[in-house]
Protein chains: 2
Amino acid sequence: MVKNGQGLGDIMAGKNISDMIEHYLKKILAEDEKIEISRSQIANLFNVVPSQINYVINTRFTIQNGYLVESKRGGGGYIRIEKVNLLDDVDVLDTLIEMIGNQLSLRDSETIVKTLYNSGLISKREANIILAALIPDEVDSNNDLIDIFRANIMISILNHLRYEK
Amino acid sequence: MVKNGQGLGDIMAGKNISDMIEHYLKKILAEDEKIEISRSQIANLFNVVPSQINYVINTRFTIQNGYLVESKRGGGGYIRIEKVNLLDDVDVLDTLIEMIGNQLSLRDSETIVKTLYNSGLISKREANIILAALIPDEVDSNNDLIDIFRANIMISILNHLRYEK
DNA sequence: ATAATAATGGTCAAAAATGGTCAGGGATTA
DNA sequence: TAATCCCTGACCATTTTTGACCATTATTAT
């Protein structure tokens, strides 16, 4: 009984299925720069459980690799993968992300925003918007939770600055 | 047997019927800015149950999206959808702030950002930064709490934009 | 007029159709 | 042989689709 995506050619001989799925998707992306797939359909095509598609995406189509992924559940659901252009000075972003643990104080977040501005990664206007986002007016301070949220928000923003669309 | 809106062209291939209905209505609205439809007629056109038209309206033609909907039952009943022109500048901001309670869902926040962009109040890049701030990747706290934070962040940003004017 | 009846649209909850997470076991590699 | 990577399946979350039942308005019969 044929199993695990045999019959798709021998180019991938010796590699595992995840590699084959990755290869398959990237081949399409080489031409279209954006694809929309059905998770179950792809899983079916390669004879694997649907969640393996998530595994492939999580390990090989990360933003660090220059891929954006969006998805939608429910009827007519999909997974969309897009190849984006990574900027040159991603190092700054990586460094900053590393410095942020899972908590980020107000003071530190201001420093980071300043750094971003000085690096030319964001404009003054953008810096102010980010600051507004990081310091919501009347959230009761003095709470670890805020610092956790702030860290998450900051990291999310930094990741978005990696690429241009 | 033809099913589910086939025959209306393949532009929408891969999307669900609700999306197609939305697309169909918005296409008309792009020219007329106000339409009056018969629920059962549209339902019939797309081969769906009438209540799906309500679903489409409730999820895609909300006031946050800039649409006003009125209807009348009984003989000669109708559903009227109107594209309302978003006010100007500060008014938009005030309106948006008012619409946000103390909680803000992900979906609604995306709509608001889209509105800001469509109103020309923010650039696409700024829109993306704001979205990144509103939708931190992996916050795993209590959901209500996230919505509360999101509301605060959004309001903070809106207020900031107002002062910049 | 009034009361039935027909013609609409509205609500809501269940079912169906997707995709997501996570932890454990197996396979591969250093 | 320990660490890492791959694969699987049980369970979860979200969005769409459907249908039974309800509400309102217009028309028709009495």
Side-chain angles (χ1 to χ4, degrees), chain A residues 3-6 12-25 35-62 65 68-81, chain B residues 3-6 12-25 35-62 68-81 105-111 135-144 146-147:
Chain A
K3 241 201 115 182
N4 289 345
Q6 297 304 331
M12 304 298 287
K15 301 211 178 181
N16 57 48
I17 309 182
S18 288
D19 285 341
M20 290 198 284
I21 296 171
E22 174 191 8
H23 185 262
Y24 173 80
L25 295 176
I35 47 174
E36 200 171 288
I37 62 173
S38 141
R39 186 178 78 148
S40 54
Q41 210 169 284
I42 299 292
N44 215 59
L45 178 60
F46 287 90
N47 264 98
V48 296
V49 295
S51 60
Q52 180 152 3
I53 306 307
N54 295 94
Y55 174 72
V56 172
I57 285 175
N58 290 329
T59 55
R60 291 141 162 95
F61 291 89
T62 65
N65 282 312
L68 276 190
V69 179
E70 311 169 80
S71 66
K72 195 170 138 193
R73 309 184 188 189
Y78 58 79
I79 298 179
R80 192 168 1 204
I81 307 177
Chain B
K3 241 199 114 184
N4 288 346
Q6 297 304 330
M12 304 297 286
K15 298 210 179 180
N16 58 50
I17 308 182
S18 289
D19 285 342
M20 291 196 285
I21 296 171
E22 173 191 7
H23 185 263
Y24 173 80
L25 296 176
I35 47 174
E36 200 170 291
I37 62 174
S38 141
R39 186 177 78 147
S40 54
Q41 209 169 287
I42 299 291
N44 215 59
L45 177 60
F46 286 90
N47 263 98
V48 297
V49 296
S51 60
Q52 181 151 6
I53 306 307
N54 295 93
Y55 174 73
V56 172
I57 286 174
N58 290 329
T59 54
R60 291 142 162 94
F61 290 90
T62 66
L68 279 187
V69 179
E70 313 167 77
S71 65
K72 197 171 124 190
R73 308 186 188 187
Y78 58 80
I79 298 178
R80 194 174 330 183
I81 307 177
S105 73
L106 188 97
R107 201 187 180 94
D108 285 347
S109 68
E110 282 171 338
T111 307
I135 310 153
D137 282 329
E138 44 183 308
V139 186
D140 59 328
S141 291
N142 178 325
N143 254 344
D144 281 348
I146 295 180
D147 285 357

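Here the side chains of F46(B) and I53(B) are not in contact, with every heavy-atom distance at 4.5 Å or above.
The distance from atom CD1 of I17(A) to atom C1' of dA27(C) is 12 Å, rounded to the nearest whole Å. Between N16(A) atom CG and dC7(D) atom C1' the separation is 10 Å, expressed in whole Å. As rounded to whole Å, 15 Å separates atom P of dT28(C) from atom NZ of K15(A). Counting to the nearest Å, the P atom of dT18(C) and the CD atom of Q41(A) are 9 Å from each other. Across the protein-nucleic acid pair, I57(A) atom CD1 and dC22(C) atom P stand 16 Å apart, rounded to whole Å. In this entry the distance linking CG of N58(B) with P of dG10(C) reads 9 Å, nearest Å. Look at CD on Q52(B): it is 5 Å from P on dT17(D), rounded to the nearest Å. Taking atom CD on E70(B) and atom C1' on dT25(D), their separation rounds to 16 Å, with Å as the unit.
For dC7(D), one of the phosphate oxygens OP1 or OP2 lies less than 4.0 angstrom from a side-chain nitrogen or oxygen of S18(A). Phosphate proximity of dC6(D) to Y55(A): present, with a side-chain N or O under 4.0 Å from OP1 or OP2. Within the 4.0 Å cut-off from OP1 or OP2 of dG19(C), not a single side-chain nitrogen or oxygen of S51(A) is found. Applying the 4.0 Å criterion to OP1 and OP2 of dG20(C), one finds that K72(A) has every side-chain N and O outside that range. The side chain of R80(A) contributes no N or O atom lying less than 4.0 Å from OP1 or OP2 of dG19(C). Between dT15(D) and R60(B), no contact under 4.0 Å exists linking OP1 or OP2 to a side-chain N or O.
With hydrogens and angles disregarded, no donor-acceptor distance shorter than 3.5 Å links the side chain of D19(A) to the backbone of K15(A). Judged by distance alone, the side chain of T111(B) and the main-chain N or O of R107(B) form a donor-acceptor pair under 3.5 Å. Using a distance-only test at 3.5 Å, with no hydrogens or angles considered, no donor-acceptor pair links the side chain of N65(A) to the main chain of F61(A).
The two residues A43(A) and P50(A) make their nearest non-hydrogen contact at CB-CA, 3.6 Å.
Picking from dT17(D), dT18(C), dT24(D) the nucleotide with the shortest atom distance to the side chain of R73(A) gives dT18(C). Closest to the R39(B) side chain, of the nucleotides dA26(D), dG9(C), dT16(D), is dG9(C). Listed candidates were dG10(C), dT8(D), dT16(D). Nearest to the side chain of N54(B) is dG10(C). Side-chain proximity of I79(B) to dG9(C), dC7(D), dA26(D): nearest is dG9(C).
Using a 4.0 Å heavy-atom cutoff across all strands shown, S40(A) reaches sugar-phosphate atoms only and no base atom. Residue G74(B) is classed as a base contact, given a heavy-atom separation below 4.0 Å to a base.
Checking V49(B) against T59(B), the closest nucleotide of DNA chain D that is more toward the 5' end is the one next to T59(B).
Atom CD of E36(B) is surrounded by more than 12 heavy atoms from other residues, nucleotides or ligands within 6.0 Å.
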